[in-house]
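Only this structure's heavy atoms are used, side chains among them; waters, hydrogens and symmetry mates stay out.
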Amino acid sequence: MIHTMQRIVPRSLSGQPVMTYALIGTCCAVFLLSPAAGFISGYGSDDAVRHAQVAYFRHWGVRPETLWSGALRPLFTPFTAVFLHGNWMHLLGNLLFLFVFGGMVEGRMGALRFTGCYLVIGYAAMLSYAAVHPHSSQTLVGASGAISGVLGAFLYLFPRARVTGVYPFLFFLPLRFPAWAVLVFWISLQWLAARADTDGPGTAHLTHVIGFALGFLYTWARFRGEVRVSRPAQATERGPKP
């Protein structure tokens, strides 16, 4: 849907979003060291690499059929799986959204609470998908559930902040829209896609929907007694250019 966006950083937020950058850096480092990146020759080539990828993701990713087996180790895999990505597009697509929206949410929540929410929501989103598909042998990896939680939090905290995006269905024109319009449109697409989700290969849209809902509900419960920042004053923009 959105190929490039600009991040809005209010001057009123003190410091840099250290944990947002740390999460992005960790995901990049994990991916570059994995067989999916193709940079480490020790994994071999062709068939050897494919076998290494399957073994790597099955070990560190979430497999619903083993999650409910009663063994302890699979219960930790939702934490490890949130840092794994299947390919370059998967990685870059997720981290673009985290870069655009994560800094403002971290600035409002604080670094520790933001990191805790990110990990807990990412875990819960994967656990919920596994509960819906308990017998699936497919491996679930990616930060999508956790990042969807960040988007849900952003929608509540900064509904009138504006983002710039390039939309294929609008002839790739760079256009600015309120964040609430972009995010509501995005989650609507995820909800429609989640209704067709199966336990086979593909995108687990249900994790997006659950993560988004949890992020929004947590932020509503935590900040409902405080003034929301509907439109940041004296904002500066920086980020990837169209």
> With side chains defined as the heavy atoms from C-beta onward, is the minimum distance between M109 and T219 less than 4.5 Å?
Replying inline: yes

> What residues form a side chain to side chain donor-acceptor pair (under 3.5 Å) with R50, not counting sequence neighbours?
Replying inline: D47

Quick one: side chains of residues 139-153, donor-acceptor pairs under 3.5 Å with protein atoms, not counting sequence neighbours, listed by atom name and distance.
residue, atom, partner, partner atom, Å
S144, OG, N94, OD1, 3.2
S144, OG, N94, ND2, 3.3
S148, OG, S144, O, 2.7

>> If the condition is side chain to side chain donor-acceptor pair (under 3.5 Å), which residues does Y218 pass it with, not counting sequence neighbours?
In response: R113

> Are T20 and F114 side-chain neighbours, meaning at least one heavy-atom pair lies under 4.5 Å?
Replying inline: yes

>> List the residues meeting ring-ring contact (aromatic ring centres under 6.0 Å, His included) with F79, not counting sequence neighbours, and say none if there are none.
In response: Y123

> Under a 4.5 Å cut-off applied to non-hydrogen side-chain atoms, are F212 and Q190 in contact?
Replying inline: no

> Can you name the side chain to side chain contact (heavy atoms under 4.5 Å, CB included) partners of S188, sequence neighbours left out?
Replying inline: V184

> By ring-ring contact (aromatic ring centres under 6.0 Å, His included), which residues pair with W68, not counting sequence neighbours?
Replying inline: none

> Backbone N or O of P35 within a donor-acceptor pair of the Q53 side chain at under 3.5 Å?
Replying inline: yes

> Parallel, tilted or perpendicular: which describes the rings of H208 and H205, with under 30° parallel and over 60° perpendicular?
Replying inline: perpendicular

> If only atom types and distance count, is the side chain of T80 paired as donor or acceptor with the main-chain N or O of W60 below 3.5 Å?
Replying inline: yes

